[in-house]
Amino acid sequence: MAENPMYSRHRLAQRLRRGREEAELTQQQVAESFGWSPSKVIRIESGAKPVSVPDAMVLMTKYGIAGDEADRFVELARAARQPSWYAGYKAIMSPEFEAFLAYEESASIVRDFARNVIPGLLQTEEYTEALMESFGVAEDESRMRVELRMKRQKVLDTSAQFFYILDEAALRRQVGSATTMQQQYEVLVAANERPNVTVKFVPFKVGVYPLFRSPYTIFEFPDSDDLVAYLEKPETEELLSEKTPRSGRQSPSDYLDAFWRVEHSLALDISEGDWL
């Protein structure tokens, strides 16, 4: 799978920002040297907009980035301007979920805690359809959401590692018919047999455990020490980065610690449940 355009854009933005800092230049100085507005440099370094290949090249030259590294980042600039495969589904996605998809297919490790329903990458088509119906989603939107969810599942065929922890409630709650649930259980057990997928569950008897109240996903990336956490709440979605901590808030590493403790001390292998 080719690198996601949004993730390419953010990687390039981070490298250009680091290059400017290593060159000991301010954003204002860079803007003035090219006759740009300061806001253009800010947008480039935030990854808010894809940078053009010519702009990327002149910036790398100014920062002393050359040779093979410069060639790699020119390719990133080109890749960042390509449409993502899910561009046709923008009408049903929030900006946070669009970023989630970019992280999902760019990460080397994905850890997902599901409290109420089966995670999207592990859902059967029938389960997703029943879920959309129960949420009262309009028919056209429901069709798009089901299509998007099924296409997302191709990421399981990559070399990335996926770790899932499901609260028992997500497994016991019936979505659709009994047959739908039976098929869903079979898919979960089969997914757990993949070499790059681990599926566990936390039984009710465990009681309360760390950070169990809301679903969350943690992303780790190749060649990066950043962690990103996606939090799914009843009325909102939120993305947290380890490199941009928020005062008084839990960080992605806090979620990673909680996931690790639950995975290794409380969760059981999905095959140990009486689902089938």
Side-chain angles (χ1 to χ4, degrees), residues 86 89 91-94 96-98 100-101 104-105 110-157 162-194 197-209 211-218 229-238 255 259 262-263 266-276:
Y86 48 78
Y89 297 92
I92 60 169
M93 293 190 293
S94 66
E96 291 81 8
F97 189 69
E98 186 177 0
F100 171 92
L101 292 183
E104 182 176 75
E105 69 176 23
V110 178
R111 292 182 171 88
D112 192 309
F113 167 68
R115 181 190 179 193
N116 300 308
V117 297
I118 305 302
L121 291 184
L122 302 180
Q123 291 178 10
T124 67
E125 187 169 350
E126 293 76 14
Y127 183 99
T128 306
E129 290 172 342
L131 202 58
M132 295 299 107
E133 183 178 356
S134 69
F135 290 160
V137 178
E139 184 176 350
D140 287 348
E141 181 179 342
S142 174
R143 175 183 54 78
M144 291 183 71
R145 290 188 178 278
V146 173
E147 284 180 3
L148 176 61
R149 195 157 297 182
M150 294 303 104
K151 289 179 180 180
R152 281 173 54 203
Q153 294 180 359
K154 292 180 181 179
V155 75
L156 294 175
D157 296 325
F162 296 84
F163 298 89
Y164 292 95
I165 297 177
L166 284 64
D167 189 275
E168 187 171 348
L171 293 157
R172 296 297 182 190
R173 180 172 290 104
Q174 181 162 320
V175 175
S177 66
T179 300
T180 296
M181 292 304 298
Q182 181 69 16
Q183 293 171 341
Q184 181 62 74
Y185 296 144
E186 292 171 357
V187 165
L188 290 174
V189 173
N192 192 46
E193 295 174 354
R194 286 173 173 256
V197 179
T198 300
V199 185
K200 293 189 173 186
F201 77 100
V202 183
F204 286 139
K205 65 182 180 181
V206 165
V208 175
Y209 51 93
L211 298 181
F212 82 103
R213 291 181 294 178
S214 297
Y216 61 87
T217 307
I218 310 160
Y230 171 84
L231 314 182
E232 187 177 349
K233 300 179 181 180
E235 301 299 331
T236 187
E237 303 155 277
E238 188 175 3
Y255 284 91
F259 191 99
V262 173
E263 179 185 19
L266 302 175
L268 304 177
D269 190 274
I270 190 69
S271 61
E272 295 184 44
D274 56 345
W275 325 116
L276 302 178

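Atom set for the values below is all heavy atoms of this structure, side chains included, hydrogens, waters and symmetry mates excluded.
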Is there a donor-acceptor pair under 3.5 Å between the side chain of [X] and the backbone N or O of [Y]?
X	Y	answer
Tyr230	Phe97	no
Lys200	Glu263	yes
Gln174	Gly176	yes
Gln184	Leu122	yes

For residues [X] and [Y], report the shortest heavy-atom separation together with the two atoms involved.
X	Y	answer
Tyr255	Leu211	CD2-CD1, 3.5 Å
Ala191	Val197	O-CB, 3.3 Å
Val199	Asn192	N-OD1, 2.8 Å
Val155	Glu105	CG2-CA, 3.8 Å
Ile218	Phe259	CD1-CB, 4.1 Å
Val175	Ala130	CG1-CB, 3.8 Å

Do the non-hydrogen side-chain atoms of [X] and [Y] ever get within less than 4.5 Å of each other?
X	Y	answer
Ser214	Leu231	no
Glu232	Phe100	no
Leu101	Leu148	yes
Tyr127	Met181	yes

[atom1] of [X] to [atom2] of [Y]: how many Å apart, nearest 0.5 Å?
X	Y	atom1	atom2	result
Ile165	Ile270	CD1	CD1	11.5 Å
Leu188	Ser271	CG	OG	11.5 Å
Phe113	Thr217	CZ	OG1	10.5 Å
Tyr164	Asp112	OH	CG	5.5 Å
Met150	Glu125	CE	CD	6.0 Å

Run the side chain to side chain contact (heavy atoms under 4.5 Å, CB included) check on Arg152 and Tyr86 step by step: do they pass?
CA-CA 9 Å; Arg152 281 173 54 203; Tyr86 48 78; over 6 Å; no

One pair to check against side chain to side chain contact (heavy atoms under 4.5 Å, CB included): Glu104 and Leu121. What are the steps and the verdict?
CA-CA 10 Å; Glu104 182 176 75; Leu121 291 184; 3.6 Å; yes

With sequence neighbours left out, which residue pairs that include part of residues 129-141 fulfil the salt bridge (charged side-chain N to carboxylate O under 4.0 Å, His left out) condition?
Glu141-Arg145

Please, which pairs that meet salt bridge (charged side-chain N to carboxylate O under 4.0 Å, His left out) have at least one residue in residues 165-175, sequence neighbours excluded?
Glu168-Arg172, Arg172-Asp274

What do you reckon, are the aromatic ring centroids of Tyr209 and Phe212 less than 6.0 Å apart?
yes

Say whether Gln123 and Thr128, considering side chains only, have a donor N or O and an acceptor N or O under 3.5 Å apart.
yes

Please walk me through it: do Ile118 and Leu131 pass side chain to side chain contact (heavy atoms under 4.5 Å, CB included)?
CA-CA 10 Å; Ile118 305 302; Leu131 202 58; over 6 Å; no

Step-by-step side-chain hydrogen bond (donor to acceptor under 3.5 Å, both in side chains) determination, Glu237 to Ser94:
CA-CA 9 Å; Glu237 303 155 277; Ser94 66; 2.7 Å; yes

